[in-house]
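A quick write-up on the structure given underneath.
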Amino acid sequence: MEISGPYDPKQVEDKIYKLWEDSGFFSPDNLPNNSKLKIKNSKFSIIMPPANANGNLHAGHALVMTIEDIMTRYKRMQGFKTLWLPGLDHAGFETQVVYEKKLEKEGRSRFKMAPEELYKEIMDFTLENKKNIEGQIRKMGASCDWSREKFTLDPEIIKIVYGTFEKLFNDGLVYRGKKIINWCIKHQTSLSDLETKDTEKTDKLYYLKYGPFTIATARPETKFGDKYVVMHPSDPRYANFLQGQKISLEWINGPIEATVIKDEAIDMEFGTGVMTITPWHDAVDFEISQKHNLDKQQIIDFYGKLLPVAGEFTGMKISEAREKIIAKLQAKGLVEKIEENYKHIVKTCYKCDSLIEPQIKEQWFLKMAPLAKPVIKAIKAGKVKFIPEHYKKISLHWLENIIDWPLSRQIVWGIPIPAKICEKCGFATIALSDVKRLTDMCENCGGVMQKDPDTFDTWFSSGQWPFATLMAGQTADAQGSGVAKDFKTFYPTDVMETAGEIIFFWVARMMMLGLYMTKKLPFKTVYLHGLVLDIKGQKMSKSKGNVINPLELIDKYGTDALRIALIIGNTPGTSLALDENRIKGYKNFANKIWNGSKFVLMNLDGYDVANPPLLKALAWQGKNLKELKILVKETAKLMDEYKFYVAGEKIYHYFWHTFCDKIIEESKPALLDPKTRLATQYMLLEILVTSLKLLHPFMPFITEEIYQQLPIKDKKTCLMVENWPV
RNA sequence: GGGCGCUUAGCUCAGUGGUUAGAGCAUUCCGUUUACACCGGAGGGGUCGGGGGUUCGAAUCCCUCAGCGCCCACCA
């Protein structure tokens, strides 16, 4: 009797994972054909959201691994050709930020390093982390196909990403634009709108005399070049001023000539209803200047320092210059009043919280509206199912108001943008297969073409993940269609399961790029889970010090207990406050499974596995088996509806409070009576095996360990590939 | 300014029209029955945020009010 004492996950988990991995059944290629399955060519595929290879597995990953493993194991047991494809993400900006922090601690700086040297160091760092994370994913019991694992920097993946870029370029969807972007001074890169966040800040609001007007500004340091004064066309206060009218006035560094502009973007209620514009450093101002074709001048450089246009203030940082400029204006009598405690929203870098300085910079942009349009249509036609449903509305709302996507990042860690840019005229073209474009002479002005030093926004590569992972490293299929075999077999994938948080960053972009490149949406169902919070319901963060390390929980309670604790009571889309007490409770449940199984195994003496008895005459045993059938049916329905939180709870409840508390107790006398002994043995074994099957997707380790020791007919190599009960 | 959620037992949450509203944890009482004390048995505890409506019937559908949270957006 190998099952003795309390259940000890440490004795079991690594051993069992090895058994599975060695069995080869993580790969759909090795799965036995299930003849019972009615569906033809039935496959189930799910692509793992590529984890960032820059740290350790966190609680959110633990949830991803659990939910996706449940889906995978369920379908595999049902007889589907099941593929769960794992992957890792180089996570461009995020990883570079992590690495820069490391450099800072060591007293180094990326700006003092050669790009190649920095790239190599981050690559080593990433590959090291990649190995760790792969080990940690195994710890979670993930039954993914490691033989198909992909990394976003695999040469084959990069090739596909380049192919997409080329097609987008040729279709006129990728363009080089001199537009306003979000510039992080600390990280020295542009960021998409999604990579910035709004922060409330209290500043002073300065009312400055600008010729006959009074303008209100929180940023006097940007005002040096302001030569356009804008008001609403129907503002009666300024009806006397005409569009294009020139006004001479005294300004910070001497007399200037201002031009009157009328634009409806002006809020008549705010301040004085008049403002001057700084198109280089403000998104609204940029729009106005574009509309009226106005001059744009850079005032602040990319390090946050004032340029020569600022005269005596040149070279000063914003923080330093602001008060000095105001002092000068006051001396000139140009400050009307200063409003203290002016609360407003400013954009900050989502990683370092430093203020975003809007800048005009030439970048690669992707036109999004033409990509979004067919996706909107497909969503409205119900081509993709959202779980929970309200994400459908959220996605549509975003897609319908989409803006162009800046693709360029000024960081070394990422996929280099395959483009060349003329250093003289700025003419840019992609540099890929087309030989003509590889020449170093600008076809526009004859200048020298230089390689684009920028890299892609990391989401540009992960946005292609479902088709890229299935196409990469694949030989074409036997029919010679030129289509990768895995792509043909497994695309579109069945489910995309990820965090609701990254619906725009990732899910929406996958739909757009996937549909554009393959004519099909990359997945049929989107399952979005919520955040894993700490016990107080707060978001986990390193700075708060409330991060729960899943590996520690595994060490204390076992993987199975952690997994089911993450599932039961956790509805899709809703965040879960992780209470360690609950995990402890499920550790007790694991022990209950262990002991219930032990009881059944201890009482099998004299039972012939090959020749089960007839049960017709035995009402009590038959009744229990009928109830089991009902549970099996209910469970399958819930699993198909992705209601794992109910399915898990139902099985939990059945095993503990029906099977153990009632059936086992009542079977004790029945086992002693020779007339009912065999039938009772049969019933107990039947219920145990069925329960283990139902529990397996949720708690794979303990159920497999027990299965390995059961004396049953037609036993499979492992429970993982047993037939799901029907 | 727009959008999306949430409000059910002390706590964390299920439950979307149909018998006395559920689970886990916590709590009270009892129990050393040879699978398990990481256990078993019994119990207490909710006018389902307020108000109105639809219905034979509402936690569930509609309207409204209040509180909480999140997301999006260019108010100088």
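This is a predicted model, so every value here is computed, not measured. We name chains A, B, ... by the order of the sequence lines, and we start the count at 1 in each one.
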Original post:
What's the OH-P distance between A:Y391 and B:G5, to the nearest Å?
Top reply: 11 Å
Subject >> Atom-pair distance (CD1 on A:I548; C1' on B:U12), nearest Å >> reply: 14 Å
Original post:
Once you round it to whole Å, what is the distance between P of B:A35 and CD1 of A:I706?
Top reply: 16 Å
Subject >> Pairs meeting criterion salt bridge (charged side-chain N to carboxylate O under 4.0 Å, His left out) with involvement of residues 567-577 of chain A, two or more places apart >> reply: none
Subject >> Separation of the P atoms in B:G17 and B:A58, to the nearest angstrom >> reply: 14 Å
Original post:
Is there a donor-acceptor pair under 3.5 Å between the side chain of A:E195 and the backbone N or O of A:S192?
Top reply: yes
Subject >> From A:K179, A:K361, A:Q363, residue fulfilling side chain to side chain donor-acceptor pair (under 3.5 Å) relative to A:S190 >> reply: A:Q363
Original post:
For A:K367, which residues count as a salt bridge (charged side-chain N to carboxylate O under 4.0 Å, His left out) partner, sequence neighbours excluded?
Top reply: none
**OP:** Ignoring hydrogens and angles, state whether a donor on the side chain of A:T680 or A:Q621 is under 3.5 Å from an acceptor on the partner side chain.
**Re:** yes
**OP:** Using the salt bridge (charged side-chain N to carboxylate O under 4.0 Å, His left out) rule, collect all pairs that involve residues 573-593 of chain A, keeping only residues at least two apart or in two chains.
**Re:** A:K556-A:E580
Subject >> Distance, C1' atom - from B:C48 to B:A9, rounded to whole angstrom >> reply: 10 Å
**OP:** For each nucleotide in nucleotides 68-76 of chain B, reading 5' to 3', give B when a protein heavy atom comes within less than 4.0 Å of its base, S when such contact involves only the sugar-phosphate, and - otherwise.
**Re:** ---S--BBB
**OP:** Examine A:Y557 together with A:Y586 and report whether their ring centres are nearer than 6.0 Å.
**Re:** no
Name the pairs: protein N/O against N/O of nucleotides 14-24 of chain B, kept only if under 3.5 Å.
residue : atom : partner : partner atom : Å
B:A14   : OP1  : A:T571  : OG1          : 2.5
B:G15   : OP1  : A:Y645  : OH           : 3.1
B:A23   : O2'  : A:E649  : OE2          : 2.7

Original post:
When you compare B:U20 with B:U12, how far apart are their C1' atoms, in angstrom units rounded to a whole number?
Top reply: 25 Å
**OP:** Can you tell me, in whole Å, how much space there is between the C1' of B:U27 and that of B:C11?
**Re:** 12 Å
Original post:
Taking only residues two or more places apart in sequence, or in another chain, which ones meet A:H390 in a side chain to side chain donor-acceptor pair (under 3.5 Å)?
Top reply: none
Subject >> With A:E357 via salt bridge (charged side-chain N to carboxylate O under 4.0 Å, His left out) - residues at least two apart >> reply: A:R219
**OP:** Sorted by first residue and then second, give each salt bridge (charged side-chain N to carboxylate O under 4.0 Å, His left out) pair with at least one member in residues 199-209 of chain A; sequence neighbours left out.
**Re:** A:K201-A:D203, A:D203-A:R322, A:K204-A:E323
Original post:
Just how far, in rounded Å, is C1' of B:C13 from CD1 of A:I567?
Top reply: 15 Å
Subject >> Pairwise P distance, B:G18 and B:U28 [rounded to whole Å] >> reply: 36 Å
Subject >> Pairs flagged by salt bridge (charged side-chain N to carboxylate O under 4.0 Å, His left out) wherever residues 633-654 of chain A is involved - sequence neighbours left out >> reply: A:E634-A:K650, A:K637-A:E641, A:E641-A:K643
Subject >> Side-chain N,O (A:N603) to OP1/OP2 (B:A35) below 4.0 Å >> reply: no
**OP:** Would you kindly give the CG-to-P distance between A:N581 and B:C11, to the nearest whole Å?
**Re:** 16 Å
Original post:
Starting at CZ of A:F589 and ending at C1' of B:C39, how long is that distance when rounded to a whole Å?
Top reply: 15 Å
Subject >> A:K197 with A:D353: basic N within carboxylate O range, under 4.0 Å >> reply: yes
Original post:
Looking for any heavy atom pair under 4.0 Å, which part of the strands does A:K584 touch: base, sugar-phosphate only, or nothing?
Top reply: nothing
Original post:
Taking only residues two or more places apart in sequence, or in another chain, which ones meet A:T214 in a side-chain contact (heavy atoms from CB on, under 4.5 Å)?
Top reply: A:Y207, A:T272, A:E336
**OP:** Can you tell me, in whole Å, how much space there is between the C1' of B:U19 and that of B:G57?
**Re:** 11 Å
Original post:
Between A:F655 and A:H653, is the gap from one ring center to the other below 6.0 Å?
Top reply: no
**OP:** For B:U7 versus B:C13, give the span between their C1' atoms, rounded off to a whole number of Å.
**Re:** 12 Å
Subject >> d(CD, A:E665; P, B:U34) in whole Å >> reply: 10 Å
Original post:
Which sits closer to the 5' end of RNA chain B, A:K393 or A:F599, going by the nucleotide each is nearest to?
Top reply: A:K393
**OP:** Compare all side-chain heavy atoms of A:I67 with those of A:H529 and state whether any distance is below 4.5 angstrom.
**Re:** yes
Subject >> Euclidean distance, atom CD1 of residue A:I568 to atom C1' of B:C25 [Å, nearest integer] >> reply: 13 Å
**OP:** Indicate, with a heavy-atom threshold strictly under 4.0 Å, whether A:D661 touches base, sugar-phosphate, or nothing.
**Re:** sugar-phosphate
**OP:** For RNA chain B, just give me the dot-bracket, please: Watson-Crick or G-U, both distances below 3.5 Å, ( ) intra-strand, [ ] crossing earlier pairs, | paired with another strand, . unpaired.
**Re:** ((((((((.[[[[.)..(...]]]].(((((.......))))).....[[[[[..)....]]]]])))))))....
Subject >> Distance, P atom - from B:C39 to B:C61, rounded to whole angstrom >> reply: 38 Å
Might you list the N or O atoms of the protein lying below 3.5 Å from N or O atoms in nucleotides 6-9 of chain B, with each pair's distance?
none

